[in-house]
> 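Have a look at the structure that comes next, please.
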Amino acid sequence: MFIFTAKIRKGRIAAVAAAAAVVCVVLLAAAGLSGGRGTAASAAVSPKGVRTNEDRVAYLESYGWAVSAQPIAVEELTIPEAFDETYSQYLELQAGQGFDLTDYCGKRVKRYTYEITNYPTGEAGIQAGLLIYKNTVIGGDVLSPQLGGFIHGLEMPE
């Protein structure tokens, strides 16, 4: 007989439970709004095994985006060891897409930024960013870098 034990902090359990609840609510709402047909996110390619530029572009294209052939920026970032309240909205945005950045605290990741060429409003300069850790997409967003711009998840707005 084998006995396995694990030490898990109560805060982490609560964070994971909250993230799971948010994901469930978003998925249920999306299924209800689309009449059960699914969403663009359900057609997205797997976030695992994203190794090359072509893989990253294909991942973004699976959400309906047309992007620049090459990234306009590549940055190496460190996910903070602890998140303060300034990160709460960004963490909620990522959790709503099924990403949990708290799993990567203290890890070095790469952020690949691409220019979107087919934003629904016709607006130019809109960017899509992917956070990659060990060939896995761990987060992503679409944003307008203009003053008073916006940020939202990877799914294309209607």
Side-chain angles (χ1 to χ4, degrees), residues 8-31 33 39-51 53 55-68 71-121 123-158:
I8 301 173
R9 293 180 294 187
K10 290 179 184 176
R12 181 151 298 189
I13 292 172
V16 169
V22 168
V23 170
C24 288
V25 168
V26 168
L27 290 175
L28 288 173
L33 291 174
T39 64
S42 66
V45 295
S46 171
K48 296 181 188 243
V50 180
R51 293 178 175 82
N53 183 61
D55 293 340
R56 292 186 296 274
V57 169
Y59 187 81
L60 291 169
E61 287 176 345
S62 73
Y63 284 93
W65 300 116
V67 297
S68 54
I72 57 175
V74 178
E75 305 164 279
E76 193 163 306
L77 310 169
T78 301
I79 303 294
E81 289 285 344
F83 295 102
D84 59 23
E85 65 278 349
T86 60
Y87 285 98
S88 63
Q89 287 182 323
Y90 191 72
L91 290 173
E92 286 176 25
L93 171 74
Q94 297 306 324
Q97 302 181 99
F99 299 121
D100 185 3
L101 292 180
T102 61
D103 291 342
Y104 301 94
C105 290
K107 305 289 185 193
R108 294 186 67 79
V109 302
K110 283 198 175 182
R111 178 179 173 84
Y112 294 88
T113 304
Y114 292 85
E115 183 172 1
I116 292 176
T117 59
N118 68 333
Y119 199 77
T121 63
E123 199 173 337
I126 306 303
Q127 301 173 356
L130 293 176
L131 295 173
I132 309 283
Y133 179 73
K134 293 186 177 180
N135 301 322
T136 299
V137 177
I138 63 165
D141 55 66
V142 172
L143 63 86
S144 170
Q146 305 301 324
L147 185 62
F150 59 82
I151 184 169
H152 62 74
L154 293 172
E155 191 167 325
M156 186 177 290
E158 295 183 18

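These figures come from a predicted structure and were not determined experimentally.
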> If you measure from CD1 on I79 to SG on C105, what distance do you get to the nearest 0.5 Å?
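It comes to 8.0 Å.
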> Applying side-chain contact (heavy atoms from CB on, under 4.5 Å) to F99 and V137, what does each step give before you reach the verdict?
CA-CA 9 Å; F99 299 121; V137 177; 3.9 Å; yes
> Would you name the heavy atoms of Q94 and G139 that are closest together and state the gap between them?
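Shortest heavy-atom contact: OE1-CA, 3.2 Å.
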> For the pair K110 and E75, find out whether any cationic side-chain nitrogen is under 4.0 Å from an anionic carboxylate oxygen.
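Salt bridge flag = no for E75 with K110.
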> Going by side-chain hydrogen bond (donor to acceptor under 3.5 Å, both in side chains), name the residues that satisfy it together with T86, two or more places apart in sequence or in a different chain.
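For T86, the residues satisfying side-chain hydrogen bond (donor to acceptor under 3.5 Å, both in side chains) (neighbours in sequence not counted) are D84.
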> With rounding to the nearest 0.5 Å, note down the distance linking CD1 in I132 to CG in L77.
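Answer for the CD1-CG pair, I132 versus L77, is 12.0 Å.
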> How close do M156 and G64 get, counting heavy atoms only, and between which atoms?
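Between these two residues, the closest heavy atoms are CE-O, 3.0 Å.
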> According to the salt bridge (charged side-chain N to carboxylate O under 4.0 Å, His left out) rule, which pairs have a member within residues 138-150, sequence neighbours left out?
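Sorted pair list: R111-D141.
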> Where do P47 and Y59 come nearest, in terms of heavy atoms and distance?
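Heavy atoms only, the tightest pair is CA-CE1, 3.8 Å.
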> How would you list, by chain and number, every residue that makes a side chain to side chain contact (heavy atoms under 4.5 Å, CB included) with D55, sequence neighbours excluded?
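So D55 forms a side chain to side chain contact (heavy atoms under 4.5 Å, CB included) with V50, R51, T52.
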> Could you measure the distance from the CD atom of Q127 to the CD1 atom of I116? Nearest 0.5 Å is fine.
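If I round to the nearest 0.5 Å, the distance is 8.5 Å.
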> For the atom pair CG (N118) and CH2 (W65), what is the distance rounded to the nearest 0.5 Å?
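Going from the CG atom of N118 to the CH2 atom of W65 covers 6.5 Å.
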> For Q89, enumerate each residue passing the side-chain hydrogen bond (donor to acceptor under 3.5 Å, both in side chains) test, keeping only those at least two apart in sequence or located in another chain.
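Expected list: none.
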> Check side chain to side chain contact (heavy atoms under 4.5 Å, CB included) between E158 and all other residues, then give those that pass, not counting sequence neighbours.
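E158: no side chain to side chain contact (heavy atoms under 4.5 Å, CB included) contacts found.
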> Mind checking what makes side-chain hydrogen bond (donor to acceptor under 3.5 Å, both in side chains) contact with N135, not counting sequence neighbours?
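side-chain hydrogen bond (donor to acceptor under 3.5 Å, both in side chains) check on N135 returns nothing, list empty.
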> Can you name the nearest heavy-atom pair linking P145 to G125, along with the distance?
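Closest heavy-atom pair between P145 and G125: CD-O, 3.3 Å.
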> For T136, give me all partners under side chain to side chain contact (heavy atoms under 4.5 Å, CB included), at least two apart in sequence or on another chain.
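Side chain to side chain contact (heavy atoms under 4.5 Å, CB included) list for T136, sorted by chain: K48, I138.
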> Are there more than 12 heavy atoms of other residues, nucleotides or ligands under 6.0 Å from atom OH of Y87?
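No.
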> Return the set of residues passing salt bridge (charged side-chain N to carboxylate O under 4.0 Å, His left out) with E85 (not counting sequence neighbours), or none when no residue passes.
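E85: no salt bridge (charged side-chain N to carboxylate O under 4.0 Å, His left out) contacts found.
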> Under a plain distance cut-off of 3.5 Å, with no hydrogens placed, do Y114 and N53 share a side-chain donor-acceptor pair?
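Yes, side-chain donor-acceptor contact under 3.5 Å.
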> With a 4.5 Å limit on heavy-atom distance, are the side chains of L130 and L154 in contact?
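Side-chain contact under 4.5 Å: yes.
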> What's the spacing between T78 OG1 and Y104 OH if we round to 0.5 Å?
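Reported to 0.5 Å precision, the distance equals 15.0 Å.
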> Is it true that a side-chain atom of E115 and a backbone atom of I126 form a donor plus acceptor pair closer than 3.5 Å?
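Not a single qualifying donor-acceptor pair exists.
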> Considering non-hydrogen atoms only, spot the tightest contact between E155 and Q97 and give its length.
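The pair with the smallest heavy-atom distance is N-OE1, 4.5 Å.
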> Is there a donor-acceptor pair under 3.5 Å between the side chain of T117 and the backbone N or O of A66?
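At least one qualifying donor-acceptor pair exists.
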> Could I get the full list of side-chain hydrogen bond (donor to acceptor under 3.5 Å, both in side chains) partners for S68, not counting sequence neighbours?
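With sequence neighbours excluded, S68 shows a side-chain hydrogen bond (donor to acceptor under 3.5 Å, both in side chains) to no residue whatsoever.
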> Considering residues at least two apart in sequence or located in another chain, which fulfil the ring pair (Phe, Tyr, Trp, His ring centres under 6.0 Å) criterion with F150?
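Listed in chain order: Y119, H152.
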> For E61, what residues pass the side chain to side chain contact (heavy atoms under 4.5 Å, CB included) criterion, not counting sequence neighbours?
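For E61 the side chain to side chain contact (heavy atoms under 4.5 Å, CB included) partners, ignoring immediate neighbours, are V57.
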